[in-house]
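Below is one structure, written out as C-alpha cells; comments come after it.
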Amino acid sequence: MVLFVALTSLSCAPVAQAQTTATRPPSVPLITHDPYFSIWSNADRLTDSSTAHWTGRAHGLSSLLRIDGKAFRLMGDSPASLPALRQTAVQVTPTRSIYTFADAGVRVRLTFTSPLLPQDLDLLSRPLSYLSWEVASTDGKTHEAALYLDASSALTVNNPDQQVAWKREKTGDLTTLRIGSLDQPILQKRGDDLRIDWGYMYLAAPGNAARFALGNNAALEAGFAATGNLPASDDTRQPRVVSDGEPVAALTFALGRVGSRPVSRTAMLAYDDLYSIQYMGRNLRPYWRRGGADAHAMLRSGARDYAAIQRRCVAFDAELMVDLTRLGGAKFAQLGALSHRQALAAQKVVADANGQPLSFSKENNSNGSIATVDVIYPAAPQMIAMSPSLLKASLQPIMAYGSSSYWNWPYAPHDIGTYPKANGQTYGGGERSEENQMPVEESGNLLILLAALARVEGNTRFSDPFWPTMTRWANYLAEKGFDPESQLSTDDFAGHLAHNVNLSAKAIVALGAYAQMAGMRGETASAQRYRALAERFAAQWVKEAEDGDHFRLAFDKPGTW
C-alpha cells in the first residue's frame, strides 16, 4: 500500500466554519480514510503525545513552528525540549478536525480535512487528506515565521523492526520524497491488530514552495528548531529498520513576515493502496484507480482541486451539523460528527472486475472480520440517508457470497473473511462451523437492509438477482425466528442464548420486510402470506404481555404456516 504525504502551498480564501460545540472526543480523528490509513490524537492537546494509528501504535506526524527564531511544537511530543504553543481549542466536524493555538504574538489554526463526502464515491475512495496551517499576528506586530512537518516511516510498516528504504521523485511541479518497506508484502497478512507494511509514503510540494529532507527524525527536528533549515542532502544510510533513528520525510515552509492578515499553507496526506482487498482469491484495486489513475495523478489532482474540495467539505459540515442539532441538540450533533468519520473510515471502497464499487468494512478492535453483516447493519442508516450507492457497494460482496456455492447454509453468513482477505467466512471456526453462526441475526439484518434500500430506490432491482437466496432466508426465519434456538447474536460476548427476544423481534420485522419486497415485485400471494405470518407472530407477542410493560416469548412452537 502506498502512503503519500503531498504538501502544497496552495492558497484559497478563508471559509466560514461550521458551528460545533467545544466537546473533545476521547480520541480526535486526524487522518481518517480506511482501516490502515487512520491517524488519531489520543490526548487533550495535540502536543501531549505522538499521533497514533487506531491500534495505539505510534504513527507519528510532527509539526513545528518558528516565530522570530524561537521554535514551538504544534503537533507531537518531540522534541521534548521545545515548548508547546498553547492550544486554545479543538473542534471536530464531519469532515474536519480544527486545532487553534495562540501564543508568542501569533494565532495558528491547524485543520485536518478528510473529504468523506458519501455521495461522491470517487472522492470518498481517494485516500487523501489535507493539513492546512493559517498563521496570523495578534499583537499588532509582524513576526518572522516558518513551518515544519514530518511524517514517520512507521506509517509504512507493521512493526518498527521492519526495514524501510527511500528516494526522491518528481511529478509535474511537485517534488516528492518516498519511503516504503523494503520487503513489500502486498496483502500477505490478515488480522485485527495490524498496520500496513507495503507501499510507499510520499511527501510532496511544488519544488519552489518548500525545502525537503529524508533522514533521522530527531536530527531533522533539532536542525529546524535551531536554524529553521533542513540538511542540503538526504540521509543515505539505507535500508534500515524504523527503530534505528526513525527515518522521516520532512519539509519546511518559510512564511516570511506575518502580520494580522493570515498566511496559509496546505499539506496533502494520502494513502495509495495499490491493491486494497483480496476478494475470493483476486486482488482488487481501490475504486479511485479503476480508470488507470496512479498515485502521482492523485497528488496532482489533489493539489488542483483543493480549494473546491474545501468549500464542499465546509458546506457539507454546516448542513449536516444543522440537521443533527435540530434533531438532537448540540451534544448529539458532536457525536454524529465523530460517528460520521469513524464509520466511513472503517470501510475500504474498491473496484470489481467491471469497475463497479464494492465496499468492505472491518471489525476494528474485535476479531478483524471483513464485511460483517452486523457491522454493516448499524452503519446502514448513514449510507441510506447519504449514499444508497455506498450501501449497495457494502451489500454486494456479502450477498454474492451468501448466494454462491461457497455458502451452503439456509441462513445468511456473518462475514466473508478476515481483513483484508475476503475469501470466505472465518468467524467462529469458518463457514464449515454451524455452532458459531448467527442465523437469525444476520438473515434478519440483510432482509431488513434490502427492504430499506428498495424503499429508498422505489424498486427491488438490486435484490432481484438474489431473490431465491432471500426466500430461503425468509423461510428459515419463518420456521426458526419466532422462538430462536440457542445461537449467537451481535452481542456475541454474551455467548449462545436460546429464546432471544431481540432476535425474535428482528425475525418478525424481517418477515414483514420480505413481504414488502415481494409486493414490490408483484408477487401478491407471497406478500400476503409472509405479511400475515409477521402479523401473527407480532400479535402473539402482544397477547403474552406480562405485567403490562414487557413481553415474553411463547416457548411452544407457533405451528405450521
Side-chain angles (χ1 to χ4, degrees), residues 7-25 28-30 41 43-49 51 61-79 82-93 95-113 129-150 205 209-210 221 224-225 228 251-269 306-307 310-311 313-314 317-318 321 334 337:
L7 295 131
T8 68
S9 59
L10 304 173
S11 297
C12 69
V15 289
Q17 304 298 319
Q19 296 300 310
T20 65
T21 68
T23 302
R24 207 282 286 171
V28 179
L30 305 179
S41 174
D44 287 331
R45 290 173 291 272
L46 190 57
T47 52
D48 283 351
S49 66
T51 61
L61 301 173
S62 297
S63 183
L64 307 177
L65 171 72
R66 276 174 57 95
I67 296 294
D68 298 327
K70 183 176 181 179
F72 298 86
R73 285 182 290 115
L74 291 177
M75 175 166 55
D77 57 1
S78 67
L82 294 183
L85 201 67
R86 182 172 60 91
Q87 180 178 312
T88 58
V90 59
Q91 182 182 52
V92 175
T93 72
T95 66
R96 294 169 298 146
S97 293
I98 305 163
Y99 285 88
T100 305
F101 307 85
D103 211 346
V106 299
R107 181 184 66 253
V108 181
R109 174 177 288 158
L110 174 54
T111 301
F112 300 82
T113 303
S129 280
Y130 298 93
L131 279 77
S132 301
W133 296 263
E134 185 181 273
V135 183
S137 172
T138 58
D139 61 4
K141 303 176 182 179
T142 61
H143 301 275
E144 190 72 24
L147 290 164
Y148 169 95
L149 176 73
D150 70 45
E221 291 179 354
F224 174 80
L251 67 70
T252 62
F253 287 116
L255 304 185
R257 303 295 294 181
V258 175
S260 59
R261 183 175 181 177
V263 177
S264 299
R265 294 293 184 271
T266 295
M268 296 186 299
L269 286 81
Y306 165 68
Q310 188 73 358
R311 287 193 295 268
C313 287
V314 170
D317 288 351
M321 294 302 286
Q334 191 64 48

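In what follows, every heavy atom counts, from backbone to side chain, and hydrogens, waters and symmetry copies are set aside. Predicted model only: the values in this text are computed from it and were never measured.
A donor-acceptor contact shorter than 3.5 Å links the side chain of T88 to the backbone of T100. In this structure, D317 contributes its side chain and T95 its backbone to a donor-acceptor pair below 3.5 Å. A distance-only check finds a donor-acceptor pair linking the side chain of R73 to the backbone of L82 [under 3.5 Å]. A distance-only check finds no donor-acceptor pair linking the side chain of R107 to the backbone of T138 [under 3.5 Å]. E144 contributes no side-chain N or O that, together with a main-chain N or O of G69, makes up a donor-acceptor pair within less than 3.5 Å. With hydrogens and angles disregarded, a donor-acceptor distance shorter than 3.5 Å links the side chain of R86 to the backbone of A102. Between the side chain of S97 and the backbone N or O of P29, at least one donor-acceptor pair lies under 3.5 Å. Judged by distance alone, with hydrogens and angles left aside, the side-chain atoms of T47 form no donor-acceptor pair with the main-chain N or O of G76 at under 3.5 Å.
Taking all atoms of both residues into account, the shortest heavy-atom contact from P262 to E134 is CB-CG, 3.4 Å. Taking all atoms of both residues into account, the shortest heavy-atom contact from L46 to L74 is CD2-O, 3.5 Å. Between Y306 and S132, the closest heavy-atom pair is OH-OG, 2.9 Å. Between F72 and A104, the shortest heavy-atom contact is CZ-CB, 3.7 Å. The two residues D77 and S49 come nearest to each other via the heavy atoms OD2-CA, 3.6 Å. Minimum heavy-atom separation, Q334 to M321: N-CE, 4.3 Å.
Ring pair Y99/F112 is perpendicular by interplanar angle, where above 60° counts as perpendicular and below 30° as parallel.
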Test log, rule side chain to side chain contact (heavy atoms under 4.5 Å, CB included), inputs V314 and R96: CA-CA 9 Å; V314 170; R96 294 169 298 146; 3.7 Å; yes

Side chain to side chain contact (heavy atoms under 4.5 Å, CB included) evaluation trace for L65 with W133: CA-CA 10 Å; L65 171 72; W133 296 263; over 6 Å; no

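L269 has its side chain within reach of L61: a pair of non-hydrogen atoms, C-beta onward, lies under 4.5 Å apart.
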